[in-house]
Amino acid sequence: MAPLFVFPRTLEDLEHEGREDDDRLYVQNPVNIASLVSSQLEEFVKGVSFDLSDKEILCVEEQDVFDRVYSLVRGFALLSPSSKLNLLETLRSNLAVLLPNFDSLSRASHDHHVPLASHRNAFKIYTFFLLNIFLLSNNNNASKVVAPSARKKPAVNSWNWEAQRARILNLIANSLEINLELLFGSPDLDENYLSFITKNAFFMFEDATLLKDSDLKDALCRIIGACSTKYHYTAQSCASIMHLIHKYDFVVTHMADAVAGAEKKYADGSLAMSLVREIGRTNPKDYVKDTVGAENVGRFLVELADRIPKLISTNIGILVPHFGGESYKIRNALVAVLGKLIAKAFKDVDGGEVTSKSIRLRTKQAMLEILLERCRDVSAYTRSRVLQVWAELCEEHSISIGLWNEVAEVAAGRLEDKSAIVRKSALNLLIMMLQHNPFGPQLRIASFEATLDQYKKKLKELEPSEGAEPSSDTDIYNGDGEVDDLNCENVVKGQQLDSLTDSCLSQSEEAIPLQNSSVPDVGNLEQTRALVASLEAGLRFSKCIGATMPTLVQLMASSSATDVENTILLLMRCKQFQIDDSEECLRKMLPLVFSQDKSIYEAVESAFHTIYIRKSPIETANNLLSLATDSNIGDLAALEFIVGALVSKGEISSSTISALWDFFCFNVGGTTAEQSRGALSVLCMVAKTSSGVLGSHFQDIIDIGFGRWSKVDPLLARTACLAIQRLSEDDKKKLLASSSARIFGFLESLITGFWLPANIWFAAADKAIAAIYAIHPTPETIAADMIKKSLSSVCNDGGVNVQSDIDTSSGSMPLTVQVAKLSRCLFIISHVAMNQLVYIESCARKIQKQKLTKEKKDNENQNLDSNGTVSTGTQKDNDINAELGFAASEDAALDALFEKAEKEIVSGGSNEKNLIGICATFLSKLCKNLGLMQKYPELQASAMLALCRLMIIDADFCDANLQLLFTVVEGAHSEIVRSNCTIALGDLAVRFPNLLEPWTENMYARLKDPCASVRKNAVLVLSHLILNDMMKVKGYINEMAVRLEDEDERISNLAKLFFLELSKKGNNPIYNLLPDILSKLSQQNLSKDSFCNIMQFLIASIKKDRQMEALVEKLCHRFSGVTDVRQWEYISYCLSQLSFTEKGMKKLIELFKSYEHVLSEDSVMDHFRNILNKQGKKFAKLELKACIEEFEDKLNKFHTDKKEQEVTARNAQIHQQKIGSREGFTVTINSEDHLSSNSSSDETEGEIIDAYTEEATMPLNERSESKLVSESHSGASSELTESDQGDIETRDIEIQSPQVKTKGVQRSRTNKSNVKGGTKRTIRSKR
């Protein structure tokens, strides 16, 4: 019998472990194959292979064979590829043949000739050598790193190790899955064998490249599963698995496969349960330190729950305590585990015994409650993960109707979470809940209420009039709060709604009513109750989603792109299910097309295309014109931008444009004037990108836009004027050639006539004047005629609405005019002047463009002349002109011409006035008549608007009327006038910055206007000027900072936006402005909370460490420049808001001398403590930590010493005053003469006043805080009262001896005791 083979620790140990007296099999005569030449080595391998193949399979335990096989395995790397393959195949085939023989051992176990020990020995030897070959080959293969470019085509007989390794491990895995108990004679196999197998298997798991081979990975998983479960090697395997999971993230999924595979193959979950217990027993604090391990363990638990949910559900209680741990990664994993279990572990809950079913339902309910509770977790990551789990459960239809609304309300509440990732998850959850809702495809509140009312009536009819009380709503649900599927179907059936496709439907469609007043019969009483309950749940869900609309509007203004994108997706889903107000909210996304974030723009464009662009051209046209008619100015600008983008991409087809013309021309039945206007408005938007769209229908534009339909919808005329402006140049020429008299007649009639309502005329006249200047060859002639006609209508009118004396050059002339006509006339004059200025500038640009084109053409002609002889003279002339400066003088002449043309609009020549200039003089004097203006605020609004326009045109006129403008903007009663003037100031500052520069303070003063609209416009104007470098940030920026705490939320938000944008400019101007803002705000009458909020916001916009460090130094030095305790407190608060670096903290410590005198104040000291508490903990250097601790001790000691010094000084002062009062106070009581005198001329007088009388008149706080010192001297009493508030003020006061008069005191000596107990002395003193 051969010696027993025992697995050594390493291959080489087989040479050294054996002793002569030992009966174990070890190597005795190893062969040094390195000394053999290749031919000898080949023969040696063939000999070993022949022996193993020719002899019986157990020959491997023979000493000679064993030694030779060992020698080849040890030197396996030295073998040729063919020899490697030969040896490996021999060992593998022998082991494969040996395995089936084990089954015959059980049948022949009674035969003592069966060599059981030999079989066991051979089995272990083959396994040992094969695994060693695997390890050696794998290590050698991994060490050879070959560059991809250096790889060559492998030889035909090359060694292909990748094809062999999976075969080896699969053979070993197969060997473990047979009945080895017969071979080893015990259920527990040889410890050495199992240890060797599992140790090497886990070692292979550490190699990520091996695990990429699916066959090899499956074999490793089978090995681990068999050893751990079948052969009870659980404890050791559990420890190894936990080690690998903590150390390598790539093994998590594969380990979960191994554990789950073992449980399914052997119906034994001991390994999984041991791992769960091990994780549950781990101290939660360990996961805080090992974040990578915590994440891997969490992933492992989730994978297990996904693969073996029932087993994990029975052991989940072990893991629940970790919800109280500090590691959010573990909590995230446990939340995901609960989600997997709820979705998968309770699918067959209806089967089984009643008791078991009840237990499992209670377990599921407990898990659901934990998930709801975790929605309020302290970690944003966990809150986000919980919402993601709820979305997964919703998709799996694992949320019952009874719990549906509770989840929806939690998700709606999380929309206001401070974390963006939580808001994103909440939005996605609501999208998923809408998509998978069990209440039907239409969720309008009105439809639900109508259906619910009818079924409630039906329920009352079914309920017995007498008898037991009806059961509560909770009785209709089953054990876990679910309603039967039948009831869900009845909901949809009761509402009688067709299912919707996934595309968005128009919300303008009316709800589908019930076909008749009777409702379908759903069955008996209980089923009807269940249906009513489900309808009530659906109504509650619809209201819950509808209530989120204001929040969703706010989220569309979020700075986070994910918020905006997911909000748009949710609103689209809401529109699909016809949630109330969802379409109105969707329209508010239109301005987001101007976002600089490309993802937001693409989301808006995609949503717009999905909602409004349909396959039917008529439907698309109807959607677009509806948008145009219902939108405000901002939405129209956004709509124009989107339409232009879609037209350029070809997504608005020609058939859609034809449909729009059909709507405009009333070719579609039932078209209204408003729809016609909307269609023309959309066509104008299209024309901005495709200018030829309007040319084919300009006669229709004239006929409909200025015909009878304009009386029905007056805004149609304004839109027609806009369409005329948008005509292409060729179409304008055609229009002038065919209908010039007609179109200008219509435009002049619109401007000077009175057939349009007053509230629409101004907007229509604006576009009409612009249209005249856009198409008329000489617009100034027709404009002059319109002004004269308007003036004539004003002056010749018989109305008596306004009577005033307007001084003119010819004397005083009384005028009687109508306010409305005068207002219109002033509007026409100012608007014509403004359009004339724009027209002159456009002409200037045309001339300059033509000049540049001519010069470019000349240069090209010169370059085309190859010989250079023809253009020599021209070149010389150009050179001479350039040297003499003729080209520059030509440009100067053009500029002078344009300036003269602009000046002639208002001022005319030096000695004469033109038409607008005469009106300007009248207008200026009219606006100066403030009494008349206040009497007619409508006239003042028009007059001041006209005055501002003329000021924008002419610098001299502006300079002459600036003082008037600022007088009106500060003193006008009408907020409309003040708002208009504030906006005009911004335009004036852009055009004439030097004129407005001295009035900068007055412009900032508009920020303090009592009217919110004026303040809002002031913030907008100043933001535009400052951010575009048109106005320097001067010393009045503190007024803008005050607007951060404006009572109007929109103004506050605009101010925040201004400072955020300002902080992005250059080197962050806020850093330089902060000390000045701090100084100014400290002196203003601001509440402490407002000041703190303002400074906190401003300081938060400073991000650079260098600027923070400099601010520390600046703020510390400010302590020595102020004496006010309030300013000390404010400065120290600003210091506490800074983010300190190591350098900044060192500066704070070094500058201790500059602020040591303020540390006596408790409020200041509190801010310094906050600095140390918040900032001191984040520094890692021990040296700096020690300095901070020493600094903290120094602060506390200095604060205590200062407080003691103050108390001592206060007591000494009181004592000094008391002694002074004794020495300087003499009372002479004489029965004949009671007079008091003092020879010193500069001494003050004192009075003895009744103490009770004075105490009654003292404020309550002074009375409670005052300190009373009482002394008696010569039969009289003296009292000194000093409040804590006056301690600082009375410091170092020299008290002089006063002259005292007694008042109201009886001269009788018998009443002196009453004087002692009931009088108080007031001592007047001076420094």
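What's counted below: heavy atoms across the whole structure, side chains too, no hydrogens, waters or symmetry copies.
With contacts defined as side-chain heavy-atom distances shorter than 4.5 Å, the pair Phe706/Leu716 does not qualify. Between Leu939 and Met933 there is a side-chain heavy-atom pair separated by less than 4.5 Å. Met944 is listed as a side-chain neighbour of Leu965, based on a closest heavy-atom distance under 4.5 Å. Side-chain contact between Cys574 and Met549 is present, with heavy atoms from C-beta onward closer than 4.5 Å. For the pair Leu552 and Cys585, the minimum side-chain heavy-atom distance is 4.5 Å or more. Using a 4.5 Å cut-off on side-chain heavy atoms (C-beta onward), Ile828 and Val832 make contact. Taking 4.5 Å as the limit, every side-chain heavy atom of Glu583 sits out of range of all side-chain heavy atoms of Leu571. Between Ser1052 and Lys1056 the shortest side-chain heavy-atom distance falls below 4.5 Å.
Residues forming a side-chain contact (heavy atoms from CB on, under 4.5 Å) with Asp766 (at least two apart in sequence, or on another chain): Phe827, His831. By the side-chain contact (heavy atoms from CB on, under 4.5 Å) test, Gln675 is found to be paired with Asn622, Leu625, Thr671, Thr672, residues two or more places apart in sequence or in another chain being considered.
In summary, Glu748 and Arg742 do not engage in a salt bridge, as defined by a charged side-chain N under 4.0 Å from a carboxylate O. Contact check on Asp1009 versus Arg1015 returns no salt bridge, with no Lys/Arg side-chain nitrogen under 4.0 Å from an Asp/Glu carboxylate oxygen. Under 4.0 Å is where a charged nitrogen must lie from a carboxylate oxygen, and between Glu584 and Arg587 no such pair does. Salt-bridge annotation for Lys846 and Glu841: absent, with no side-chain N of the basic residue lying under 4.0 Å from a carboxylate O of the acidic one. Salt-bridge annotation for Lys821 and Glu938: absent, with no side-chain N of the basic residue lying under 4.0 Å from a carboxylate O of the acidic one. We find that Asp1048 and Lys1016 are not joined by a salt bridge, their nearest charged nitrogen and carboxylate oxygen being 4.0 Å or further apart.
Atom CD of residue Glu1045 and atom CZ of residue Phe1097 lie 10.5 Å apart, to the nearest 0.5 angstrom. Here Ser690 contributes atom OG and Arg726 contributes atom CZ; the two are 12.5 Å apart, rounded to the nearest 0.5 Å. For the atom pair OG of Ser558 and CZ of Arg423, the computed distance is 5.0 Å after rounding to the nearest 0.5 Å. Rounding to the nearest 0.5 angstrom, the gap separating the CG atom in Leu680 from the CG atom in Leu660 is 10.0 Å.
For NZ of Lys1065, the number of neighbouring non-hydrogen atoms (other residues, nucleotides, ligands) closer than 6.0 Å is greater than 12. The number of heavy atoms from other shown groups lying within 6.0 Å of NZ (Lys588) does not exceed 12. Atom CD1 of Ile613 sits in a crowded spot, with more than 12 heavy atoms from other residues, nucleotides or ligands closer than 6.0 Å.
By the 30° and 60° cut-offs, the orientation of the rings of Trp999 relative to Phe966 is parallel. Between Tyr601 and Phe641, the ring-plane angle classifies as perpendicular under the 30° and 60° cut-offs. Using cut-offs of 30° and 60° on the angle between ring planes, the pair Trp661 and His697 is parallel.
Ser728 and Asp731 share a side-chain donor-acceptor pair at under 3.5 Å. Between the side chains of Ser658 and Ser655, not a single donor N or O lies within less than 3.5 Å of an accepting N or O. Side-chain atoms of Ser974 and Gln940 form no donor-acceptor pair, as typed in the model, at a separation below 3.5 Å. There is no side-chain donor-acceptor pair under 3.5 Å between Asp597 and Ser595. A donor and an acceptor atom, one from each side chain of Gln836 and Tyr773, are located under 3.5 Å apart.
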Pair Trp709, Phe666 - check ring-ring contact (aromatic ring centres under 6.0 Å, His included), show working. CA-CA 11 Å; Trp709 288 107; Phe666 297 91; 4.1 Å; yes
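With Ile953 as the fixed residue, the side-chain contact (heavy atoms from CB on, under 4.5 Å) test singles out one of Ile840, Ile916, Leu837: Leu837.
In terms of heavy atoms, Ala720 sits closest to Gly705 at CB-CA, 3.7 Å.
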